[in-house]
Structure formats: C-alpha cells, structure tokens
2 protein chains.
Amino acid sequence: MISALPLASLSRGQGVALWRQIAASLSEHIGSGRLSPGTRLPTEGDFAAHFQVNRHTIRRAMEDLAAQGLVRIEQGRGSFVSEEVLDYPLGPRTRFSESIRRQNREPAGIMLKIEEIPADLMLSDALAVKRGQPVLFARRLCLADQRPVAIGYHYLPITRFPRIAELLAGNPSITAALSASGLPNYRRKLTRIGARMPSVEEAKLLEQSRVRPVLVTEAINADAEGQPVELSIACYAAARMQLLVEN
Amino acid sequence: MISALPLASLSRGQGVALWRQIAASLSEHIGSGRLSPGTRLPTEGDFAAHFQVNRHTIRRAMEDLAAQGLVRIEQGRGSFVSEEVLDYPLGPRTRFSESIRRQNREPAGIMLKIEEIPADLMLSDALAVKRGQPVLFARRLCLADQRPVAIGYHYLPITRFPRIAELLAGNPSITAALSASGLPNYRRKLTRIGARMPSVEEAKLLEQSRVRPVLVTEAINADAEGQPVELSIACYAAARMQLLVEN
DNA sequence: ACAAATTTGTTCGTATGTATG
DNA sequence: ACATACATACGAACAAATTTG
C-alpha cells in the first residue's frame, strides 16, 4: 500500500537529483512517524511506478536511506523501516550483558568460531606476547532481544589461559571464561573508536545493509597489574547501538 | 598509468561479484602500500578498459572503497588514495586544538555560520533553559594541517553568555569565547557516539564522499557547578579521525 | 570571459543471477 | 517447482564539476 505516501511531486531538471528528492520524502515520512519502525515498505517496483521513475532511481534513494540507517534492505524479502537504538556505556568495567540488561533487554551471545592463531605483529604488541605464540581468536555475535547488535572479535593469550577455548565453547561470556581461568576482574584500559562500512559477512551477521556504517571499537583489557589479557575488537550496528562515554 | 596494477584476472560467474573482486584487488594494493596515500587513481574509463568491465562495475567498486575510507572520489577531478588518520582523545577536558597540536599538526577553525535560534525541546532539555529562550547556534569547520577533519555544531545559552556571538565571530575557539565570558574552565560530562552517512553539505565541507561514514559525537559541557553551558555535536570524517577513550 | 576537454554523477533501458517463501 | 524481490552487469546518454586552453 503506497496510499499512505504522498506523491511528493518530483521536480525534474532543477539541479536536485530525483533519488535525493525521493530519499528526502521517505526520510521525512519515517522521521515524522507516519511510517513506523519495523513496517515493510513497498517493493522497488511499486515505488518506481508510484514516483514515475526507473527502478534504479528508487534503489539509489533506498541505498541512501539504508546508509543513514533509516531503512533496512534485505535481498529477496523487502525493505523495512529501522528500529530504535540502544546505549552502550564505555568504561573501565564495560560488560555487554550488564549494559543490555540495564535497558530492559535480554542479552545473548552466540559463539561463531573459535580458533588458535599465531600472534602477528599487531597481536604480539597488544597482548605483550612473543610473535608466533598461540593466541585464541574467538568471534561472537551479540544480541539484544534476539536482534543482533554487535560482532565481537576477541584475542586472548593461550599461554596464560590454557583452558580458555573449552571454557568459551561452553559459555560465550568472556567475563565468565576469564573468571573461571582465575581472573575474576579485569579492566578496560583504552578504547579506540572508528566507523567504517561492514564486510559482506558482517552485514549478514548484523542483519543490516552493507551501505550502512558500523561503529568499530578496539579495546585492550588488562588485569590488576596492568598486564594485557584481551584484545577485543567490536563491530556495532550503528543503527541499533550508540556508545556512551561518561566523564 | 595502470601499468603498476596487475590485470588481476577476474573470475566471472563464480559467485563473487566482479565489483567485489576489483575492490578487493585495489584494496590490497592500497593496503600493501604499492599505491601510496594521496596518489591519483586512473579514471573510471581507464579502469573499465583495464579490467574489461562496464564503467558502472568500476564505480560500484570505487564506491565501496570510498565507503571504507580507502579512496576519495571527487566529481570532475578524479579519485585519490586516502591519507592517514588522527586520534582524538575524549575526556573531561576534551579540546580540539590541543589534541591536534599534540600530534604535530596545525589546528585551525573556520566559523561557518552563527545564528540565534529559540530553544526547542531537545535544546531546553540539554542546556537547562526554558523552551523558546534564545540559544546561539554556531557551526564550525575544524581543520588539521589545512585538511578538514570535523564539523562542530555548538549550542550555547545566550541568556548566560550575552556576548558569546561577537566573541565567537572574532575567534572561532569555543574555549576562548567561554573564557572571555567569565568561564575559564568547563568540563565534558557525557559523550554519545554514533555513526551515520553525511549529508550532502557535510560531505562537501569535509571533502569526503557521501558513501563514507562520519563519526558523530554529542556532548554536554558543564561548569564547575554541573550547570550545562554548551551542547556540542561534532561530525568527524571517519577516514581521517578516530576517537580515543582512556580509562 | 568563454569554450573545450576531462572526469565523475545521474538516469534510463535491458538482461540475468541469487535468495526467500 | 514456482513466483517474488533484491543483486549484479552491461550499454547508452546526458548532467555537473573541474581543469585547461
């Protein structure tokens, strides 16, 4: 049903690209709430007929909206208006599950893959181990209320935590695994924050469009003595999560 | 000159899109340093002929690289390999100029526009003023070594700082203007961090592609008594700047 | 000041591949 | 197996921005 959308008469040849006009119109509809979160949008073909333009023009507009995080495009299914965003406070005791629960959501973690890799230059530097030493590489999908919100890439020194692999395989919580390895408490020292476009795989895991950005954090966790115990790179669906720094 | 590039024989119909193969190939060349920062890439037409594909296919690949921040595309000029990224530490005493100088770059600020607007719900809430009260809205472009790296949107209560407009017009530094208004010291209380695609204007100001993300921070600065004195929204070119949180 | 050439940006048309239900 | 819907690819033409003559 496009009846809910105005025909927002497009002006041609006025210096404003058609796809921009269409994107702006839809953006306004979403922002104003006339199109509510989660609702499915008409197909590209329907839109094209509605606005009297080529389907490519609609696609360009939709791509833009997806990049802004206003809509989510899924191949073979359709396009949908995006949902709300969660807060993720960054601090010395940053823990995923706690933050999510504090916002009345149910946190969950799915361990995707656990493997052992030799430390390259970056890893040996970050984890203070010798180059070539074995490092555990765990990839985990983090969910809130069944919705994927982040992917975590975790690197831990196996030399220090020999049983870490089996512990993580049983329970996807890093905190629990480190605790069971004799480290009940650790602390985040530094977090680097950037933004980039997701890889194909990341977009798929996060159930988001590849033209929508992800927030990337790179953090070093250390024990009480300041010895690094984990390098964690997390990749957040920017449309569903924002970071918080309290000073 | 494409001679520096390998013909990276593309495999067609193998499930991997041509534009992805091309993007990956170029990405590898940039990552390895064979294509150094700032160098100009061949035109789309040349690339198309080189890889034996349509120009659209090249454009798709280039868009992807631009979104990843590896290249910069400029209409009418060409495409270029991107330059390095700067760190921006977030903390209670976050100041742009100091951070830039600490990395041996020359900071600069260009005041784009200063206007007076009535406080809407968001502003009255953030700045603790009544709705409709006058608020100064200043937009500033921040540069490091002549290169734009961020856009700052600053909101300050005029009721408290009556001379703030003229002060900012004379010197684009917020710190200096507040100091001259009798507030030598203020503190950042909270920073919210997100990522999104830039608007057309933002992309132009930051001299970046619209398909490359920007990091967005929203911060409240307060005086010693905890009274909010400024709401600042900053928009960083993610390809040239990353945020740092030290705990 | 103006014109031409170059390069990226937008739009249309068409065809085929791939994922979902 | 089938229809639907998004993804990729090609070809053509023109628009807009920039540089050069």
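In what follows, every chain begins at residue 1, and chains take the letters A, B, ... in the order their sequences are listed. Predicted model only: the values in this text are computed from it and were never measured.
Rounded to whole Å, atom P of D:dA15 lies 19 Å from atom CH2 of A:Trp19. Rounded to whole Å, the distance from CZ on A:Arg55 to P on C:dT16 is 15 Å. As a whole-Å value, the separation of A:Ile22 CD1 from C:dT11 P is 8 Å. If you take CZ of A:Phe47 and C1' of D:dA5, they are 14 Å apart, rounded to a whole angstrom. When the P atom of C:dA15 is taken as reference, atom CG of B:Leu18 falls 20 Å away, rounded to whole Å. When the C1' atom of C:dT20 is taken as reference, atom CD of A:Glu44 falls 15 Å away, rounded to whole Å. If you take CG of A:Asn54 and P of C:dT14, they are 9 Å apart, rounded to a whole angstrom. If you take CD of B:Glu63 and C1' of C:dT10, they are 11 Å apart, rounded to a whole angstrom.
Of all nucleotides listed (D:dA16, C:dC12, D:dA5), D:dA16 comes nearest to the side chain of B:Gln75. Taking every side-chain heavy atom of B:Arg59 into account, C:dG9 is the closest of C:dT14, D:dT8, C:dG9. Each of C:dT11, D:dG11, C:dG9 was ranked by its minimum atom distance to the side chain of B:Ile73; first place goes to C:dG9. Of the candidate nucleotides C:dT10, C:dC12, C:dT8, C:dT10 has the atom nearest to the side chain of A:Arg60. Closest contact between the side chain of A:Ser79 and the listed nucleotides D:dC6, C:dG9, C:dT11 involves D:dC6.
Summarising the base pairing, C:dT14 is matched to D:dA9 through a Watson-Crick or G-U wobble pair whose two defining distances lie under 3.5 Å.
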* Asked: Please walk me through it: do B:Ile151 and B:Arg140 pass side chain to side chain contact (heavy atoms under 4.5 Å, CB included)?
  -> CA-CA 6 Å; B:Ile151 302 170; B:Arg140 185 179 57 151; over 6 Å; no
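Using a 4.0 Å cut-off between charged nitrogen and carboxylate oxygen, B:Glu84 and B:Arg105 count as a salt-bridge pair.
With rounding to the nearest 0.5 Å, the separation of CG in B:Asp87 from CD in B:Gln242 is 5.0 Å.
Inter-residue side-chain proximity for B:Phe51 and B:Ile58 is flagged as met; some heavy-atom pair is nearer than 4.5 Å.
Between B:Glu106 and B:Ile100, the closest heavy-atom pair is C-CG2, 4.2 Å.
Under 3.5 Å, the side chain of A:His56 and the base of C:dT14 form at least one donor-acceptor pair of N or O atoms.
Each of A:Thr57 and B:Arg40 lies near DNA chain C, and the nucleotide nearest B:Arg40 is the one positioned closer to the 5' end.
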